[in-house]
**Student:** 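Okay, handing you the structure first.
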Amino acid sequence: MDSKFDHKIVEKDIYEAWEKSGAFQPSLQPTANGIQQRPFTIVLPPPNASGKMHMGNVLMIAIEDLMIRYHRMKGDPTLWIPGTDHAGFETQITYERELKKQGKSRFEFDRETLYQNIWEFVQSNKSQIEGQIRQMGASVDWSRYTFTLDPHVVSTVYSTFAKMHKEGLVYRDNYMVNYCPKCGTTFADLEIMHEDRVDKLYYIKYKMVGSEDGVVVATVRPETIMLDTHMAVHPDNKKTKHLIGKKVINPLSLKEMEIIADSFVDPEFGTGIVKLTPAHDKNDYEAAKKHNLPVIIGISMDGKMTSEAGKWAGKSVFTARKEVVEELQILGAIDKINEKYEHAVTVCYKGGHDIEPMILPNWFVKVESLKKPALEAVESGKVKIYPEWRKITYTKWMEEMHDWPISRQVVWGIRIPVWYKVGQSENSEGQNVGKSENQNIQITFLAKNHKSSDHSPKITQGSELSHKPVVVSGRVGELLQNYSFEEIRDGLQTLIAPAGCESIVNETCPGDGYLQETDTFDTWFSSGHWPLVTLKYPESEDFKKFYPTSVLETGWEIIRFWVSRMIMFGIYLTGEPPFEYVYLHGMVRAADGKKMSKSLGNVINPDEYMEQYGVDALRMGLIAGTATGKDFSFPKDKITAYRNFGNKLWNMARFFLMMQEKSGITNLKFSNSQMEGLTARDNEIIKMLNETINSVDKLLGEFRFAEAGDTIYHFMWDEVAAKYLEEVKTREDLGVALSVLRHVILTGLKLLHPFMPFVTEAIWKEMPRKHDEMLIISKWPEVK
RNA sequence: GGAUCCAUAGCUCAGUUGGUAGAGCGCUUCGUUUACAUCGAAGAUGUCAGAGGUUCGAGUCCUCUUGGGUCCACCA
């Protein structure tokens with residue numbers, strides 16, 4: 001043995017030996033005295049398939065591997081299923097960035113081709129994260145590896161959607177969604193943020209109809225003024241009560257606008273009068289629905305003004321705002337401008353871009369009947385959340401939860417299995433598609449045989465050359481007059497079907513003339529099935545044996561996104577929540593105490609630490625970073641400390657071996673029950689060892705990982721290495737002392753193995769033992 | 001605005017039924033003892049944010065204040 005422990009030499013070989021031994025697979029693990037134990041199961045929250053390991057992943061794997069190894073040594077049939085996530089939106093963004101480097105964009109591809117290209121991109125990248133999971137020492141069962149786009153996953157998600165559709169739990173409706181024109185997709189309420197900003201608040205003068213009087217209305221969005229048809233005041237506001245029912249003139253459209261009463265208006269804000277823009281404001285939309293007002297869409301999905309905006313059509317929101325203000329100034333319609341108006345703007349959490357509220361048809365999940373049992377499961381303690389104070393995040397969210405929009409305008413994901421009939425089929429039974437709402441479906445597709453003489457469909461992009469495919473968009477009813485159904489189908493990019501369209505839910509194409517929905521499921525809709533699909537619900541033996549799983553371990557920031565949905569789907573499909581415990585680890589912050597982010601440039605890369613200090617030190621250091629589940633700063637010191645500790649253990653073993661060799665004693669006794677002639681001091685150290693075992697068992701049972709590790713650390717270092725081992729040097733009854741020392745070292749290695757698997761396994765291999773099995777499957781010490 | 005967590009040694013954090021303040025790192029001094037300098041020995045550093053309350057006794061429980069973090073939130 002070298003005088004220093006070198007993690008680089010052993011890590012790879014040890015992992016291969018573990019994997020080869022079958023220890024990761026429950027069916028190949030040794031059983032505990034033939035007694036049928038309860039299985040212990042964890043499903044790995046899947047990291048991004050095309051990404052790389054970050055500190056949060058490292059902590060997650062460290063904690064999960066700790067629990068897994070502990071239970072495996074205790075003799076429970078233990079299963080940890082690995083997997084990776086397609087990470088819909090993020091991966092698509094990454095891929096598009098690659099395209100841009102090649103001077104291309106996604107608009108040059110039809111949907112099918114784009115999907116295939118991203119698939120290949122992910123396939124060529126996923127070996128990195130898989131390699132890193134191995135490097136971490138994760139004792140996962142690779143034979144059960146699952147990717148979130150595996151055929152059986154897609155098929156399970158499809159059947160859930162079909163079941164929910166059949167039971168009336170999904171519906172299609174127009175909805176005011178949070179749309180990000182930059183990202184090109186909608187975001188759920190959970191996925192948007194509020195950013196405090198200082199903007200201009202414009203006070204606009206409106207003239208009353210048939211009077212010289214006027215009113216003044218405050219707005220931050222003058223660019224929508226020409227769309228407005230109504231204003232509103234609070235019905236009980238004395239100052240504005242007289243205005244109800246009166247009319248004013250829109251300074252841009254010159255149309256008359258009626259002032260209505262609605263209690264959502266805050267009498268204290270601005271002038272107490274609000275202009276209504278139903279298509280682009282949540283409150284206004286609600287009010288418009290209530291009062292049956294027109295909803296005029298003035299901003300399109302690319303963030304530009306529509307034809308409804310008159311002379312500003314085609315201009316960006318920003319430009320329109322500037323120009324409208326100039327126009328209003330010329331008209332003398334601006335009363336004043338508050339230059340320093342502080343308010344909160346909604347932005348998307350992905351890129352921090354401004355959210356444009358839009359009316360779009362969407363698929364929704366009715367959550368009312370799903371959320372009740374999911375809330376009940378946690379409140380009754382059937383699902384136990386640790387740390388306990390995180391529970392309130394869950395219960396609050398479940399109480400407030402409203403219907404869940406699940407459509408995403410992203411290609412990379414599970415395509416919603418809904419089909420719209422748009423083309424004529426040969427066997428059409430007199431169904432006149434031309435008259436149906438389906439002819440109003442908005443299509444964007446890549447036309448390969450574009451005829452330059454066409455003028456009805458709008459060409460939005462591409463060259464005039466006829467051989468080069470161009471992007472064509474329009475209503476399908478009109479497009480079909482110039483293009484064949486097959487050409488549209490094959491070149492299809494996106495489709496927006498109005499809420500009233502007829503549709504069929506089916507996994508595969510139901511017949512001729514159908515186009516499939518181009519939206520994909522919200523990634524949380526499919527990952528909400530994770531414990532089910534990794535266990536191959538509903539028919540497999542795994543599902544029968546391992547469901548519900550034992551612990552779901554993840555970061556607290558996805559309680560709402562993920563944990564709640566898994567519990568909902570688990571109960572909905574099986575009647576049982578998918579796990580018994582939820583353990584939520586804290587967020588690893590950067591050295592400066594802030595959240596790690598690429599934009600702040602404070603990201604700490606785990607690779608460097610694994611390389612320099614070894615996986616064991618990094619894992620244990622992170623676990624020791626916080627004992628309470630709170631967020632914590634990356635604990636660099638603790639990583640050094642545990643690297644040193646690994647070396648200390650290594651040298652304890654070296655000392656033992658050296659003493660044994662020097663003394664020539666070969667008949668050491670193995671278990672303390674066989675040891676004779678123990679001194680009071682020997683009994684004392686054995687007693688302390690047993691107390692350590694007891695407290696480690698207790699602490700691990702309570703998810704107090706840091707304290708458990710700390711307990712072993714101090715016993716092994718302060719009591720064994722610093723004291724007992726020194727005494728051994730001068731003992732006359734060396735045979736007894738070495739027997740005790742070996743017993744203590746071997747037992748200590750067992751206790752430590754779940755925390756620091758590599759160094760303990762490496763030392764174990766060097767120590768003379770009774771059985772020659774690996775440490776990973778050795779029996780956890782029990783105190784009699 | 002609502003909710004929640006936090007404030008303990010220079011730094012990062014422990015301190016779970018209330019009972020004499022802890023760890024790691026850092027710092028000071030000393031040490032070539034044959035397991036380990038990724039080591040050993042000795043040592044310094046805290047009105048446990050502030051105020052009040054409950055108690056024989058409070059870092060720990062309650063109230064308020066101050067200062068932070070995070071989540072949620074429709075105010076044009």
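A quick note: this is a predicted structure, and the numbers were derived from the prediction, not measured. Proteins come first, then strands; the chains are lettered A, B, ... in the order of their sequence lines, and each starts at number 1.
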**Student:** Please work out if A:Thr640 contacts a base, only the sugar-phosphate, or nothing of the nucleic acid, heavy-atom cut-off 4.0 Å.
**Tutor:** nothing
**Student:** Among the candidates B:A76, B:A23, B:U34, find the nucleotide nearest to the side-chain atoms of A:Asp710.
**Tutor:** B:A23
**Student:** In whole Å, what separates the C1' atom of B:C62 from that of B:U29?
**Tutor:** 47 Å
**Student:** Expressed in angstrom and rounded to an integer, what is the separation of A:Arg589 atom CZ from B:C13 atom P?
**Tutor:** 6 Å
**Student:** Rounded to the nearest Å, what distance is computed from the CZ atom of residue A:Phe705 to the P atom of nucleotide B:A14?
**Tutor:** 15 Å
**Student:** To the nearest Å, how far apart are A:Arg643 CZ and B:C39 C1'?
**Tutor:** 12 Å
**Student:** Between A:Tyr713 and A:Ala722, which residue's closest nucleotide on RNA chain B lies nearer the 5′ terminus?
**Tutor:** A:Tyr713
**Student:** Using a 4.0 Å heavy-atom cut-off, does A:Ala721 contact any base of the nucleic acid, only the sugar-phosphate backbone, or nothing at all?
**Tutor:** base
**Student:** Classify A:Glu726 by what it touches in the nucleic acid, base, sugar-phosphate, or nothing, heavy-atom distance under 4.0 Å.
**Tutor:** base
**Student:** Taking the minimum atom-to-atom distance to the side chain of A:Met658, which one of B:C36, B:U12, B:A35 wins?
**Tutor:** B:A35
**Student:** Charged N to carboxylate O below 4.0 Å: is that the case for A:Arg731 and A:Asp682?
**Tutor:** yes
**Student:** Could you give the distance separating B:A21 and B:G15 at their C1' atoms, to the nearest angstrom?
**Tutor:** 9 Å
**Student:** Ignoring backbone atoms, test whether A:Lys391 places a side-chain nitrogen or oxygen under 4.0 Å from the OP1 or OP2 oxygen of B:U4.
**Tutor:** no
**Student:** Between A:Pro357 and A:Asp281, is any pair of side-chain heavy atoms under 4.5 Å apart?
**Tutor:** no
**Student:** Salt bridge or not for A:Glu726 and A:Lys729, using N-O below 4.0 Å?
**Tutor:** yes
**Student:** Any strand is fair game: report the nucleotide pairing with B:A41 by Watson-Crick or G-U wobble, both distances under 3.5 Å, or none.
**Tutor:** B:U29
**Student:** For A:Tyr713 and A:Trp717, take the angle between the two ring planes, folded into 0 to 90°, and tell me which bin it lands in: parallel under 30, tilted 30 to 60, perpendicular over 60.
**Tutor:** tilted
**Student:** May I ask you to check whether A:Asp631 and A:Trp556 show a side-chain donor-acceptor distance below 3.5 Å?
**Tutor:** yes
**Student:** Would you say a side-chain N or O of A:Lys648 is under 4.0 Å from OP1 or OP2 of B:C36?
**Tutor:** no
**Student:** Which is true for A:Thr628 with a 4.0 Å heavy-atom rule: it touches a base, it touches only sugar-phosphate, or it touches nothing?
**Tutor:** sugar-phosphate
**Student:** Which part of the nucleic acid does A:Ala218 contact within heavy-atom distance under 4.0 Å: base, sugar-phosphate only, or nothing?
**Tutor:** base
**Student:** Considering Watson-Crick and G-U wobble pairs with both distances under 3.5 Å, what does B:G18 pair with?
**Tutor:** none
**Student:** What integer number of Å spans the P atoms of B:A51 and B:A58?
**Tutor:** 14 Å
**Student:** If B:G57 has a Watson-Crick or G-U wobble mate with both distances under 3.5 Å, name it; if not, just say none.
**Tutor:** none
**Student:** Hunt down the Watson-Crick or G-U wobble partner of B:A73, both distances under 3.5 Å, from any strand shown, or write none.
**Tutor:** none
**Student:** Out of curiosity, A:Phe755 CZ to A:Tyr642 OH, how far, rounded to the nearest 0.5 Å?
**Tutor:** 8.5 Å
**Student:** Got a donor-acceptor pair under 3.5 Å from the side chain of A:Glu707 to the base of B:A23?
**Tutor:** no
**Student:** Counting side-chain heavy atoms from C-beta on, which of B:C72, B:G24, B:C5 comes nearest to A:Arg560?
**Tutor:** B:C72
**Student:** Please confirm whether the shortest side-chain N or O distance from A:Asn644 to OP1 or OP2 of B:C39 is below 4.0 Å.
**Tutor:** yes
**Student:** Could you work out the separation of B:U20 and B:G67 based on their C1' atoms and round it to a whole Å?
**Tutor:** 31 Å
**Student:** Find the distance A:Lys275:NZ to B:A76:P and express it as a whole number of Å.
**Tutor:** 12 Å
**Student:** Kindly say whether, by distance alone, the side chain of A:Arg390 makes a donor-acceptor pair under 3.5 Å with the base of B:U4?
**Tutor:** no
**Student:** With a 4.0 Å cut-off on heavy atoms, is A:Trp556 in touch with a base, just the backbone sugar-phosphate, or nothing at all?
**Tutor:** sugar-phosphate
**Student:** Between B:C13, B:U38, B:A3, spot the one nearest the side chain of A:Lys396, thanks.
**Tutor:** B:A3
**Student:** Hey, does the side chain of A:Thr626 come within less than 4.0 Å of B:A14's phosphate (OP1/OP2), counting only N and O?
**Tutor:** yes
**Student:** How is A:Leu725 classified with respect to the nucleic acid when contacts are heavy atoms under 4.0 Å: base, sugar-phosphate, or nothing?
**Tutor:** base
**Student:** Mapping A:Arg654 and A:Lys630 to their closest nucleotides on RNA chain B, which lands nearer the 5' end?
**Tutor:** A:Lys630
**Student:** Distance check: side-chain N/O of A:Ser633 vs OP1/OP2 of B:C11, anything under 4.0 Å?
**Tutor:** no
**Student:** For A:Lys205, is the NZ atom crowded, meaning more than 12 foreign heavy atoms sit under 6.0 Å from it?
**Tutor:** yes
**Student:** Taking the same atom, C1', in B:U45 and in B:A23, what whole-Å distance lies between them?
**Tutor:** 15 Å
**Student:** In whole angstroms, how far is the P atom of B:G2 from the CD atom of A:Glu399?
**Tutor:** 19 Å
**Student:** Could you check whether any side-chain heavy atom of A:Leu751 comes within less than 4.5 Å of a side-chain heavy atom of A:Phe715, counting everything from C-beta outward?
**Tutor:** no
**Student:** Any idea which of B:C11, B:C13, B:G40 is nearest the A:Trp717 side chain?
**Tutor:** B:G40
**Student:** For B:U8 versus B:G22, give the span between their C1' atoms, rounded off to a whole number of Å.
**Tutor:** 10 Å
**Student:** Would you kindly give the CG-to-P distance between A:Asp2 and B:C36, to the nearest whole Å?
**Tutor:** 11 Å
**Student:** What interatomic distance, in whole Å, is found between C1' of B:A44 and the corresponding atom of B:C5?
**Tutor:** 34 Å
**Student:** Atom CG in A:Asp284, atom CG in A:Leu227: separation rounded to 0.5 Å?
**Tutor:** 11.5 Å
**Student:** Rounded to the Å, how far apart are A:Lys8 NZ and B:U38 C1'?
**Tutor:** 13 Å
**Student:** What is the distance, rounded to the nearest whole Å, between atom CD of A:Glu766 and atom P of B:A35?
**Tutor:** 18 Å
**Student:** For B:C61 versus B:A7, give the span between their P atoms, rounded off to a whole number of Å.
**Tutor:** 10 Å
